[in-house]
Amino acid sequence: MIQNLVDGVLVGSILSLGAIGLTMAMHMLRFANFSHAELLSIGAYVALVFDGLFAAIYPALSSAIQPLSLTWSLCAAILISMALTGLSAVLIDRLVFKRVRAKGGELSMVFASFGVAMILRNILGLIFGLNPKLYSQDIVFAIVVSRDPFLLIKPDQVFTLIAALLIMVFLHLVLSRTTFGYSLRAVAENPSLAQVSGINLDRIIVLIWLIGGGLAAAAGVFYGLTNQINPVLGRDLVLPIFAATIVGGIGSIYGAVLGGFLVGLASNLALVILPSGYSPAVPFLIILAVLIIRPHGLFGEERT
Amino acid sequence: MIGVLSYLVFFVTVASILSIAVLGLNLQWGNTGLFNGGVVAFFGAGAYGTLILGGSPQANQLGGFELPYLLALLGGMVIAGLVAWIVGLLTLRLRHDYLAIATFGVAVAFENFMRNASWLAGGAQGIRGFERPLRDTLGNGFAYNALFLCFVLVLLIGTYLFLERLIQSPFGRLLRAIREDETAAQSLGKSPSRIRLTSFVAGSVIMGLAGGLYATFYAFISPQDVLPILTFQIWAMLIVGGAGNNKGAVMGTFLIWGAWTASGWALSRFAPLDVQLYTGSIQFVLIGFVIVGMLMWRPQGLFPEKLVVSQSARSKG
């Protein structure tokens with residue numbers, strides 16, 4: 001039970017990072033982006049490539065930071081991956097979503113994102129193979145925190161949680177203290193009025209993809225660090241991340257954070273009563289529950 | 001010769017069954033503007049429903065009620081409609097994203113549930129032991145398959161004519177009115193959410209019919225048949241054919257299903273052995289590009305919807 005709680009918080013922090021970008025894009029561009037979770041996969045694999053590259057150039061970097069399995073080269077690779085994944089999100093928008101947006105309605109975008117997800121996921125599979133990969137071959141043993149109730153935690157998990165929280169605090173400061181944060185919230189409130197006040201909508205959209213992509217990359221690496229990296233990572237996470245945005249209310253960044261933790265906790269606690277085979281279906285049950293009890297989520301506003 | 005002919009019968013049967021599902025999606029998307037991201041759940045509900053209701057009893061498994069075939073098929077459609085009704089009731093009042101996400105979710109949950117609930121439908125191994133109707137009199141050979149094809153074609157034509165009549169009826173006009181301008185339709189005293197729910201359930205029942213036929217054809221269904229890729233293929237067929245146009249929907253189905261089987265065949269025939277492991281991935285990438293390309297360059301499809309212009313507007317223009 002305690003183990004489920006702790007695991008839930010951990011998975012929750014990863015889902016939160018993914019959901020923040022998704023909820024921003026969904027709010028601003030008004031479409032459910034089914035390819036967002038693929039950004040997590042891209043991030044995880046880009047970090048894998050650069051981790052290997054740095055370790056090959058400076059072998060000294062490839063030693064693990066005790067007691068983690070994380071290496072200095074992976075730390076550097078995470079930053080590169082966040083930047084590159086953000087850029088690929090912008091590129092995907094330029095190549096596909098922007099053109100579809102110009103041509104048709106919001107729902108064509110939803111379907112285009114289905115197509116983009118399919119392409120990205122399978123190209124990753126073609127490049128990196130269908131077998132799971134790991135950042136580190138070293139086995140890091142979980143630490144027994146307490147025996148009664150029994151609780152196991154891996155050092156990497158603690159690192160992931162702290163790093164995810166730090167990223168969220170940083171984002172909060174950017175949103176609440178900078179001009180960029182103000183303009184972002186202004187656009188979210190009322191796009192036309194924001195434009196009248198001299199905010200460049202196109203630039204804001206680019207920034208949203210950059211931030212969303214960057215956060216997704218971090219989430220992908222953290223997921224890879226605590227589980228494993230495989231091409232269907234995005235497919236497995238797309239529903240929990242959507243559930244997080246719906247729990248929080250579509251468009252609410254703080255809602256997405258809270259939603260991520262709630263979905264993570266609920267999915268792990270559900271394993272106490274359900275056989276583990278059913279866990280992929282739990283996010284759907286959460287979505288149903290939210291739609292019945294509070295259709296617009298915790299912080300969402302009523303909009304059509 | 002008979003080999004080619006029997007393959008042709010096989011191909012046309014599967015394509016016709018899928019056409020029925022695409023027609024159902026066309027009612028939801030093409031005519032009403034509802035995004036169903038989980039076609040496979042309704043297809044699967046019909047398939048599982050038909051086999052559970054019409055199959056023979058299996059050990060440690062619910063079902064095997066051995067109902068007469070047509071009743072079982074109808075039961076499968078009803079089950080598909082019920083699932084759609086629940087999902088629709090919860091999401092159709094909200095902004096459109098919710099329907100897309102919830103239907104996607106119901107498909108994931110459906111596949112997951114069927115894979116795990118071995119007490120209900122055999123779990124990962126699927127449902128076996130289904131006796132195809134009239135097998136005793138017709139045997140298992142070519143004659144049976146040819147006759148089954150006729151049965152499927154009759155249902156396809158029936159569905160097609162029904163939908164053509166429906167979209168020309170006042171109800172069809174109402175669907176398009178809601179799709180184009182919900183507020184205007186509401187101001188005329190129509191209830192968009194109720195009409196949308198009707199259309200969503202009707203489309204899903206048609207998908208359930210397709211699923212039931214599919215399961216009958218193979219006399220078997222397993223979670224492997226209800227993977228999300230099927231939703232995607234059915235969507236590709238509609239988008240390529242032309243949303244809003246029933247003829248286009250059927251043409252698109254034959255085109256995409258032909259391209260899919262041909263590319264699978266070509267890859268297995270000509271690709272080197274180590275590439276063949278990735279046949280699925282290559283096909284998925286190709287179909288993904290077809291979709292994204294269509295949406296960017298020809299969103300109306302190969303056979304665009306013929307827009308009906310009212311007489312008064314025409315005389316003015």
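Chain letters run A, B, ... following the sequence lines, proteins first and then strands; every chain starts at 1.
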Who wins among B/Asn116, B/Leu286, B/Val87 for the most heavy-atom pairs under 4.5 Å with chain A?
-> B/Asn116
Evaluate the side chain to side chain contact (heavy atoms under 4.5 Å, CB included) criterion for residues B/Val285 and A/Arg121: first the C-alpha distance (whole Å), next the side-chain angles of each, then the deciding distance (0.1 Å), finally the verdict.
-> CA-CA 9 Å; B/Val285 172; A/Arg121 185 184 310 149; over 6 Å; no
Which pairs with one or both residues in residues 15-28 of chain A pass salt bridge (charged side-chain N to carboxylate O under 4.0 Å, His left out), sequence neighbours excluded?
-> none
Are the aromatic rings of B/Phe232 and A/Phe111 close, with centres under 6.0 Å apart?
-> yes
Separation between CZ of B/Phe284 and CD1 of A/Ile123, rounded to the nearest 0.5 Å = 13.5 Å
Tell me, for A/Pro280 versus chain B, whether the close heavy atoms (under 4.5 Å) come from the side chain, the backbone, both or neither.
-> both
If one checks every heavy atom of A/Ile287 against chain B at 4.5 Å, the contacting part turns out to be side chain
Which one of A/Ile246, A/Val238, A/Leu95 has the most heavy-atom pairs closer than 4.5 Å to chain B?
-> A/Ile246
Given side chain to side chain contact (heavy atoms under 4.5 Å, CB included), test B/Val108 with A/Phe284 step by step and report yes or no.
-> CA-CA 8 Å; B/Val108 171; A/Phe284 174 67; over 6 Å; no
Can you tell which part of B/Tyr98 gets under 4.5 Å to a heavy atom of chain A, answering side chain, backbone, both or neither?
-> side chain
B/Trp29, part contacting chain A, at a heavy-atom distance under 4.5 Å | side chain
Proximal to chain B - members of residues 253-260 of chain A, heavy-atom separation under 4.5 Å | none
Tightest non-hydrogen contact, residues B/Gly288 and A/Ile119, listed as C-CD1, 3.5 Å
Could you have a look at B/Ala236, B/Ala109, B/Ala243 and say which one has the most heavy-atom pairs with chain A under 4.5 angstrom?
-> B/Ala109
Does a sphere of radius 6.0 Å around NZ in B/Lys190 hold more than 12 heavy atoms from other residues, nucleotides or ligands, not counting ones at 6.0 Å or beyond?
-> no
Contact class of B/Ile239 relative to chain A, heavy atoms under 4.5 angstrom | side chain
Based on non-hydrogen pairs under 4.5 Å, which of A/Val100, A/Thr245, A/Leu126 is most in contact with chain B?
-> A/Leu126
Hey, which of B/Arg115, B/Met294, B/Gln300, B/Met296 has the most heavy atom pairs under 4.5 Å with chain A?
-> B/Met296
Contacts of A/Asp93 that satisfy salt bridge (charged side-chain N to carboxylate O under 4.0 Å, His left out) - sequence neighbours left out | A/Arg101
B/Trp85 atom CH2: more than 12 heavy-atom contacts under 6.0 Å = no
Just grab all the side chain to side chain donor-acceptor pair (under 3.5 Å) pairs involving residues 282-295 of chain B, residues at least two apart or on different chains.
-> B/Ser263-B/Gln283
When rounded to the nearest 0.5 angstrom, what is the spacing between OG in A/Ser113 and CG in B/Leu295?
-> 10.0 Å
Heavy-atom donor-acceptor pair, B/Asn112 side chain to A/Gly277 backbone, under 3.5 Å = yes
Shortest non-hydrogen contact between A/Leu291 and B/Ala102, atoms and distance | CD1-CB, 4.5 Å
Relative to chain A, which of B/Leu90, B/Ile101, B/Ile282 shows the most heavy atom pairs under 4.5 Å?
-> B/Ile101
In terms of heavy-atom proximity below 4.5 Å to chain A, should B/Val290 be classed as side chain, backbone, both, or neither?
-> neither
Apply the test side chain to side chain contact (heavy atoms under 4.5 Å, CB included) to residues B/Ser281 and A/Leu130: give CA-CA distance (whole Å), side-chain angles for both, the deciding distance (0.1 Å), then the verdict.
-> CA-CA 10 Å; B/Ser281 302; A/Leu130 303 174; 4.1 Å; yes
Can you tell me if CZ on A/Arg94 sees more than 12 non-hydrogen neighbours from other groups inside 6.0 Å?
-> no
Taking the six-membered ring for Trp, are the ring centroids of B/Trp235 and A/Phe114 within less than 6.0 Å of each other?
-> no
